[in-house]
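The structure under discussion appears below in the form of structure tokens.
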Amino acid sequence: LPLPREAGGTSEPQWKQAQDYLRRFYPSDPKTREADSFEARLKLMQRFFRLPVTGVLNPHTIEIMQKPRCGVPDVAE
Amino acid sequence: YSLFPTRPKWVSSVVTYRVVSYTPDLPRVRVNQLVAKALAMWSQEIPLSFRRVLVGTADIMIGFARGAHGDYYPFDGPGNTLAHAFAPGPGLGGDAHFDEDERWTDGSRRGVNFLITATHELGHSLGLGHSSDPKAVMYPTYRAGDPRNFKLAPDDIEGIQKLYGEKST
């Protein structure tokens with residue numbers, strides 16, 4: 001199957017890496033089920049890092065995902 | 001800045017800490033100095049002081065570990081995740097862990113600066129979440145800087161004083 005629109009033309013390894021990143025650092029809220037989809041989590045991340053909120057993976061977003069960082073999520077768990 | 005849900009914080013005015021394990025990348029005495037320096041950055045802004053203990057359980061237990069290390073948040077080898085810490089509370093609460101697979105430095109050689117990382121993690125240990133201000137120490141991604149000019153940003157100070165209040169002069 002082709003990668004979804006949110007993958008923004010990235011490679012499959014980058015897509016998988018992005019999914020893992022968003023699962024770890026932008027977990028969904030079990031009460032509200034907010035940020036359940038990839039697009040919703042990506043928008044949260046883009047908003048946090050003050051990027052254009054598109055919900056689509058782009059090279060700048062991937063660049064931030066690849067930076068060394070703290071292991072604590074960016075949104076409340 | 002952000003705070004954790006339910007805004008956990010230390011209620012005692014003296015918080016204890018203990019370095020339980022060290023990295024071979026830095027002399028032990030240097031690690032102790034840098035941890036003390038990181039804590040001092042926070043304590044000079046709030047009415048909280050820190051006391052180091054050498055044995056037993058402290059409020060904040062600090063250590064280096066690689067891979068899975070018993071807290072369900074395994075480290076991932078060199079790069080990516082450098083460290084993590086827990087919000088104030090009993091047990092794991094307040095504890096700060098650093099990935100032994102990184103090359104830790106005090107600024108005298110290449111590597112991940114321990115002072116910068118420890119100040120960030122100990123911010124979590126005190127109750128701060130991540131900040132979206134790129135100038136803040138609590139910004140989630142690591143950036144190397146000159147450790148001689150390293151200090152808290154106004155956003156960090158505002159956040160920590162929201163939890164603990166200002167230090168009286």
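Proteins get letters first, then strands, A, B, ... in listed order; numbering begins at 1 in each. From a predicted model like this one, the values you see are computed outputs, not experimental measurements.
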Distance-only, no hydrogens or angles: does the A/Arg69 side chain make a donor-acceptor pair with backbone N or O of A/Val72 under 3.5 Å?
yes
Does A/Lys16, at its NZ atom, have more than 12 non-hydrogen atoms belonging to other residues, nucleotides or ligands within less than 6.0 Å?
no
Okay, B/Phe86 and chain A: the region with an atom under 4.5 Å from a heavy atom over there is neither
Can you check whether anything in residues 9-36 of chain B gets within less than 4.5 Å of chain A, heavy-atom wise, and list it by number?
none
Report, in residue-number order, which members of residues 49-61 of chain A are under 4.5 Å from chain B by heavy-atom distance.
A/Phe49, A/Arg50
Salt bridge present between A/Lys43 and A/Glu39 (N-O < 4.0 angstrom)
yes
B/Lys162 and B/Glu158 ion-paired at < 4.0 Å:
no
Answer with yes or no whether the hydrophobic clustering places B/Phe4 together with A/Tyr26; edges join I, L, V, M, F, W, Y residues whose side-chain heavy atoms lie under 4.5 Å apart.
no
Between side-chain atoms of residues 43-54 of chain B and protein atoms elsewhere (two or more places apart, or another chain), which donor-acceptor pairs fall under 3.5 Å?
from: B/Ser43; atom 1: OG; to: B/Leu39; atom 2: O; distance (Å): 3.4
from: B/Ser43; atom 1: OG; to: B/Ala40; atom 2: O; distance (Å): 3.4

Please tell me whether B/His84 and B/His69 form a close aromatic pair, meaning their ring centres lie under 6.0 Å apart.
yes
Residue selection (most heavy-atom pairs with chain A, distance under 4.5 Å) from B/Pro134, B/Pro78, B/Ser131
B/Ser131
Who are the ring-ring contact (aromatic ring centres under 6.0 Å, His included) partners of A/Trp15, not counting sequence neighbours?
A/Phe38
Centre-to-centre under 6.0 Å for B/His130 and B/His124, is that the case here?
yes
Side chain B/Asp71, main chain B/Leu92, donor-acceptor under 3.5 Å
no
Would you say the side-chain atoms of B/Thr105 pair up with the backbone N or O of B/Gly111, donor to acceptor, closer than 3.5 Å?
no
Between B/Glu102 and chain A, with a heavy-atom cut-off of 4.5 Å, which part of the residue counts as in contact: side chain, backbone, both or neither?
neither
Taking B/Asn80, B/Asp133, B/Val112, B/Thr117 one by one, which has the highest count of heavy-atom pairs under 4.5 Å against chain A?
B/Asn80
Are B/Phe98 and B/Phe75 near enough that their ring centres are under 6.0 Å apart?
no
Between A/Tyr21 and chain B, which part of the residue has a heavy atom less than 4.5 Å away: side chain, backbone, both or neither?
neither
